[in-house]
Asker: 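Structure incoming, see below.
Nothing fancy with the numbering, it's 1 onward along the sequence.
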Amino acid sequence: CGLPLTLALTANRPLTDAVWNNGQTGTIVNIDQTGTYDFTATDGYCSLSDTFSVQDLYEDFPLPWLTAIDTLTCSRNLPLQLPLPSPYAGEIQLNGQPTGSALTLPNAGTYELNLRIENCLESVPISVDTLDCAARIYLPNAFSPNNDGVNDRVFPQGVNFETLSLQVFDRWGNLVHQAIGPNADWNGCQGRQPVTIGTYLLVLNVRNSVDGTNMMISREIALIR
């Protein structure tokens with residue numbers, strides 16, 4: 001889990017001495033670099049030689065995910081699920097509680113992810129911030145297209161949306177008007193002819209400008225002059 005480290009030899013009988021290929025002696029050795037180590041240990045009567053290697057987790061298993069995870073998401077996406085950040089992880093805990101095959105973050109806030117990898121315990125902070133991604137759309141329930149400069153046209157207003165189309169139907173279901181694009185509106189005419197006073201149905205198709213989803217809104221509107 002990172003160098004330097006200290007290793008101790010143990011055996012089923014007390015060891016009296018050991019000699020290492022890095023020049024150290026004794027049953028305890030200080031390791032400050034990766035590589036292969038040879039030793040010969042003795043209990044005063046018998047000797048045993050062996051070889052072992054030392055690897056550094058960070059050199060042999062690159063872990064680029066071991067950085068703070070900052071996530072920005074729509075509030076309606078909570079609880080948020082994230083994939084586990086490493087296939088090497090054995091024990092995984094979120095805020096001290098074991099987690100399953102996915103990280104489930106119930107709320108916005110800061111979390112601590114603990115992972116045990118090759119017997120090394122790592123901690124990764126996770127920060128979740130949320131946006132209000134809802135499209136907030138206002139359509140009036142009446143307008144007066146009499147060319148007085150006030151409420152002469154009807155169109156959607158609000159935030160987090162882009163207009164795709166606007167359709168107008170009379171009370172018999174006949175299409176009176178259709179406009180395409182973000183500036184779609186209605187001036188109270190069918191073609192170039194003003195329609196009669198009454199109630200009409202507006203059907204609005206919009207795209208959420210934050211998450212890209214589409215939605216349809218229908219609303220009755222009274223035309224007065």
Side-chain angles (χ1 to χ4, degrees), residues 64-65 67-87 94 99-111 113 124-225:
W65 50 264
T67 58
I69 300 174
D70 294 322
T71 300
L72 183 63
T73 186
C74 297
S75 55
R76 64 167 171 261
N77 291 339
L78 295 176
L80 181 67
Q81 284 198 335
L82 299 176
L84 292 178
S86 173
L94 187 66
T99 185
S101 59
L103 301 177
T104 301
L105 311 178
N107 303 298
T110 301
Y111 298 83
L113 176 64
V124 181
I126 301 177
S127 177
V128 178
D129 293 318
T130 56
L131 290 172
D132 183 0
C133 301
R136 305 192 181 280
I137 303 170
Y138 167 75
L139 282 170
N141 54 19
F143 79 124
S144 56
N146 54 11
N147 295 319
D148 64 353
V150 180
N151 294 330
D152 287 331
R153 309 180 78 88
V154 61
F155 54 91
Q157 301 179 66
V159 295
N160 294 345
F161 77 94
E162 176 187 358
T163 301
L164 300 178
S165 67
L166 175 66
Q167 295 176 306
V168 182
F169 298 87
D170 62 20
R171 59 182 176 176
W172 294 282
N174 299 312
L175 180 64
V176 173
H177 173 76
Q178 179 171 275
I180 305 296
N183 298 318
D185 63 2
W186 185 41
N187 62 359
C189 293
Q190 184 173 8
R192 296 186 178 182
Q193 298 298 318
V195 300
T196 60
I197 294 173
T199 300
Y200 294 82
L201 178 67
L202 301 181
V203 178
L204 180 68
N205 285 283
V206 301
R207 176 181 293 116
N208 187 303
S209 57
V210 179
D211 62 16
T213 57
N214 293 348
M215 62 183 298
M216 183 179 70
I217 299 172
S218 59
R219 187 76 47 82
E220 288 188 345
I221 187 169
L223 188 152
I224 57 178
R225 297 190 188 276

Asker: Using the rule given for side-chain contact (heavy atoms from CB on, under 4.5 Å), can you reason through Arg171 versus Thr199, listing the C-alpha separation, both sets of side-chain angles and the distance that settles it, and then say yes or no?
Answerer: CA-CA 7 Å; Arg171 59 182 176 176; Thr199 300; over 6 Å; no
Asker: Taking all heavy atoms of Leu164 and all of Arg207, pick out the closest pair and write down the distance.
Answerer: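 Reported closest heavy-atom pair: CD2-NH1, 3.4 Å.
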Asker: Between Ala135 and Met215, what is the shortest heavy-atom contact and its length?
Answerer: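 That closest heavy-atom pairing would be CB-SD, 4.3 Å.
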Asker: Cys74 versus Val210: any side-chain heavy-atom pair under 4.5 Å?
Answerer: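 Of all side-chain heavy-atom pairs linking Val210 with Cys74, at least one is under 4.5 Å.
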Asker: Kindly write out the residues that satisfy side-chain hydrogen bond (donor to acceptor under 3.5 Å, both in side chains) with Gln190, not counting sequence neighbours, or none if the list is empty.
Answerer: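 Gln190 satisfies side-chain hydrogen bond (donor to acceptor under 3.5 Å, both in side chains) with no other residue.
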Asker: Can you tell if the side chain of Asn205 reaches within under 4.5 Å of the side chain of Asn214, non-hydrogen atoms only?
Answerer: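 Contact flag for Asn205/Asn214 side chains = no.
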Asker: Shortest non-hydrogen contact from Ala184 to Pro156?
Answerer: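 In terms of heavy atoms, the two residues are closest at O-CD, 4.0 Å.
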Asker: Is it the case that over 12 heavy atoms from other parts of the model lie below 6.0 angstrom from the CD atom of Glu220?
Answerer: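 Not buried by this count: 12 neighbours or fewer within 6.0 Å.
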Asker: Any side-chain heavy-atom pair from Ser144 and Val150 closer than 4.5 angstrom?
Answerer: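 Side chain of Ser144 against side chain of Val150, heavy atoms only: no contact under 4.5 Å found.
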Asker: Enter the distance from Leu204:CG to Thr163:OG1 here, rounded to the nearest 0.5 Å.
Answerer: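 Here the interatomic distance stands at 5.0 Å.
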Asker: Take Asn146 and Asp152 through the side-chain contact (heavy atoms from CB on, under 4.5 Å) test and state the conclusion after the steps.
Answerer: CA-CA 6 Å; Asn146 54 11; Asp152 287 331; 3.3 Å; yes
Asker: For Glu162 and Pro182, which heavy atoms make the closest approach, and how far apart are they?
Answerer: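 That closest heavy-atom pairing would be CG-CB, 4.3 Å.
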Asker: Any side-chain heavy atom of Pro145 within less than 4.5 Å of one from Arg153?
Answerer: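 Answer no - side chains too far apart.
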Asker: The test is side-chain contact (heavy atoms from CB on, under 4.5 Å); show your working for Leu175 and Gln167 and say whether it passes.
Answerer: CA-CA 7 Å; Leu175 180 64; Gln167 295 176 306; 4.0 Å; yes
Asker: Quick check: does any side chain N or O of Asn160 sit under 3.5 Å from a backbone N or O of Ala134, one acting as donor and the other as acceptor?
Answerer: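 Such a contact is found between Asn160 side chain and Ala134 backbone.
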Asker: With the side chain counted from C-beta on, respond yes when Tyr200 and Val195 share a heavy-atom pair under 4.5 Å apart, and no when they do not.
Answerer: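 A side-chain contact under 4.5 Å exists here.
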Asker: Please walk me through it: do Thr130 and Leu80 pass side-chain contact (heavy atoms from CB on, under 4.5 Å)?
Answerer: CA-CA 10 Å; Thr130 56; Leu80 181 67; over 6 Å; no
Asker: Just verifying a value: how many Å separate Asn151 CG and Leu223 CG, rounded to the nearest 0.5 Å?
Answerer: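 Between atom CG of Asn151 and atom CG of Leu223 there are 11.0 Å.
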Asker: Angle class for the Phe143/Trp186 ring planes (parallel below 30°, perpendicular above 60°, tilted otherwise)?
Answerer: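 If you compare the ring of Phe143 with that of Trp186, the planes turn out tilted.
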Asker: Taking all non-hydrogen atoms of both residues into account, name the closest pair between Leu166 and Val154 and its distance.
Answerer: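 The answer is CD2-O, 4.2 Å.
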Asker: Return the set of residues passing side-chain hydrogen bond (donor to acceptor under 3.5 Å, both in side chains) with Gln81 (not counting sequence neighbours), or none when no residue passes.
Answerer: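 side-chain hydrogen bond (donor to acceptor under 3.5 Å, both in side chains) list for Gln81, sorted by chain: Thr104.
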Asker: Taking CZ in Phe155 as the centre, count heavy atoms belonging to other residues, nucleotides or ligands within less than 6.0 Å. Is the count above 12?
Answerer: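 Open: at most 12 neighbouring heavy atoms sit under 6.0 Å from CZ of Phe155.
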Asker: Compare all side-chain heavy atoms of Leu82 with those of Leu105 and state whether any distance is below 4.5 angstrom.
Answerer: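 In contact.
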Asker: Treating Asn208 as the side-chain partner and Cys133 as the backbone partner, does any N or O pair qualify as donor plus acceptor under 3.5 Å?
Answerer: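 Checked: pair present.
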Asker: Are the side chains of Leu202 and Val168 in contact, using a 4.5 Å heavy-atom criterion?
Answerer: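 Answer yes - side chains close enough.
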Asker: Quick check: closest heavy atoms across Ser218 and Leu201, and the distance to 0.1 Å?
Answerer: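 So the two residues come closest at CB-CD1, 4.1 Å.
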